[in-house]
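Below is one structure, written out as structure tokens; the observations come after it.
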Amino acid sequence: MPYDVGSLMLLNQFLVLGAALFSIGVYGLLVRRNAVLVLLSVELMLNAVNINLIAFESALVTNAAVGQVFSIFVITVAAAEVGFGLAIILMIFRNRRSANVDELDLMRW
Amino acid sequence: MTGFITDVMANFWAGLGIKLALIAFIVPTSALVFGILEIKISAHMQDRIGPYFVGAWGWIQLMADGLKFFQKEDIVPTDADAPVFKLAPVLVLMSAMAIFVVIPWGPGLVFGDLELGVFYALALSSLATVGIIAAGWSSANKYSLIGGLRAAGQLIAYELPLVLSVVGPVILAGTMSLSGIVEAQVVFGVPYIVVQFIPFVVFMIAALAELSRLPFDMPIAESELVMGYFTEYTGFRFLFFFLAEYAAMFGMMLFAATLFLGGYWAPGIPESMMPFVGPVVLLTKAGLLVFVAIWFRWTWPRLREDQLQSLAWRWLIPIALLNIAVTATLKVIL
Amino acid sequence: MTVDAWIAEPVNWVFSIVAVVILFTAVRVVTSPNVVHAALYLVAALAGSAVMFLLLSAEFVALVLVLVYIGAVLVLFLFGIMITRAPTGFDEGLSNDRKLVSAAISLVLLGVLSWASLSAFGTDTVNTVGSPTATEILGDAILGRFVIPFEVVSFILLSALIGGITVARRDLTPLEEEERKAV
């Protein structure tokens, strides 16, 4: 960049963006019936958390890189969770021929 | 003259525009040059002549082909998912173009000297996978879908050896910036291929697999799957895929030449001539690697899917990991 | 910081455009009637947030996001979608009937979170510098202060890998069991 961008962006613009992404993810989690789409909404929420972490790190932390390291961990755990979640969805699909979460109610009273 | 150039480059927006125009120019040009080289070299290796009507020895053949593709009818199959169908070639071409940004053509002659140059090139070349799967799925064609699924498995499997084999030179150089790696090789004395021959072999194998070239040709598999994931693409959309394939090959070989063969540096060139001779040296080294890639295409039969996967997971990844351990240990000790 | 000063900065124009792109594609992820379209919209949303990370001078995390999330996790998603036989075309059964209540819940959540952050941080600015964070600092932090979380995360990955392979393995049908015993 041809100039120093320090102190030109508000912290709140990133926090509100993160909050908006998180609530869109919550909407997706509640509304979607297909299990894969529910996982996609969870990915949106984790991404919102990452934006928050890195915005806070730039604004508040003086010893560097805590927020970035933690968001790398979040990305890694999200990848592990997606891998395992898709394996479970695959088994459900094999047994019941549909990935509809509303039909998974065998354990309800 | 050089004063004028540095003044223009100093203006941020003008410099940016020029750099983008240059990259947009390099991609089709390199695709045409290496495409025609591939056709002619393949022909001579198979004891035939290849196209020789158009131009002196057929050198305008691919330009004529390109113009032909442009004037063809734009067919989107009825059952195909039109937005995704149209998006897929763009994604693949974008990821092929991205590698050219970080390659140093001379001391200081980089489009953008990123501190994380190596990581950037690897990350953006993994975007092509999404484009290929989108192409395979959206074509509403059994053969395309099978080709796309095979491509997904193959590209993911070989991404790991690609990334891991590159860590060796990065450890030796101590930096992920490509111009820093070239300068480290100058200081080191010999190009890294001498001390890192095994990662070079792993990188070449993984790069050929990432580009879906023979012997890792399963996603395209011309004798089985028509054209694999781009069966349904005609006209200028096919031209995008074609350009992306050759541009990505050139980009990967430039990357390998910079990491392992010493990039733009050759011994015995005076400092003042470096900005002019450097690009020529780099092109020669990359051209040599492209020739090797073309040579391999006609030497080995296609690997079957399970042989391909077991090669990646059972051989290349352990070898690359072992190499990282040995390199790191020796770097600390010596 | 006044509104005029904020609008005058080119960084904030980039932020505004990318934020609009992220929000639009995120809404399309949760409302699209086609599964593969939703996954591709998520690619766009993640690419947008990688640009956000670049604005906050977190270059390494942005590239990790592109390499891991877009290059591997989303490919895995697309693979899973294709194996569970996503139809080309619209699938009507993708969203249930509780849309209004869910929209209300998410709007309330947005209101609460925004009010909390706006009242706590007011007009605090982000102290970024023009150059990206050095990878050396990240490496020192991961292998120094955070080495135990790093090891734990690698165990999480190992267990997810083993668990995924074990859960998704196909049990042999009786015919294949017979063949296997005959060999």
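Chain naming here is simple, since letters A, B, ... match the order of the sequence lines and numbering starts at 1 in each. Side chains are part of it too, since the values below use all heavy atoms of this structure and drop only hydrogens, waters and symmetry mates.
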Would you give the length of the straight line joining atom CG of B/L149 to atom CE of C/M82, rounded to the nearest 0.5 angstrom?
4.5 Å
Taking everything shown except C/E136 itself, do over 12 heavy atoms lie less than 6.0 Å from its CD?
no
At a heavy-atom separation under 4.5 Å, does B/L145 approach chain C through its side chain, its backbone, both, or neither?
side chain
Structural part of B/L116 lying under 4.5 Å from a heavy atom of chain C
both
For atom CZ of C/F121, decide whether the heavy atoms of other residues, nucleotides or ligands shown that lie under 6.0 angstrom number more than 12.
yes
Taking all atoms of both residues into account, what is the closest heavy-atom pair of C/G71 and B/S126, and its distance?
CA-OG, 3.7 Å
Which region of C/V43, side chain (C-beta onward) or backbone (N, CA, C, O), has a non-hydrogen atom less than 4.5 Å from a non-hydrogen atom of chain B, or is it both or neither?
side chain
Derivation and outcome, side-chain contact (heavy atoms from CB on, under 4.5 Å), residues C/N34 and B/D81:
CA-CA 10 Å; C/N34 183 328; B/D81 195 337; 3.6 Å; yes
Could you list which of residues 59-69 of chain C have a heavy atom closer than 4.5 Å to any heavy atom of chain B, in residue-number order?
C/E59, C/F60, C/L63, C/V64, C/V66, C/L67
Looking only at non-hydrogen atoms, find the nearest pair between B/G153 and C/F79 and report the distance.
N-CE1, 4.2 Å
Look at atom CG of C/L143 and say whether more than 12 heavy atoms of other residues, nucleotides or ligands are closer to it than 6.0 Å.
yes
Nearest 0.5 angstrom please: C/L40 CG to B/L87 CG, how far?
6.5 Å
Student check: side-chain heavy atoms of C/I70 and B/T129 closer than 4.5 Å:
no
Please indicate whether B/F240 has more than 12 foreign heavy atoms, meaning atoms of other residues, nucleotides or ligands, lying under 6.0 Å from its CZ.
no
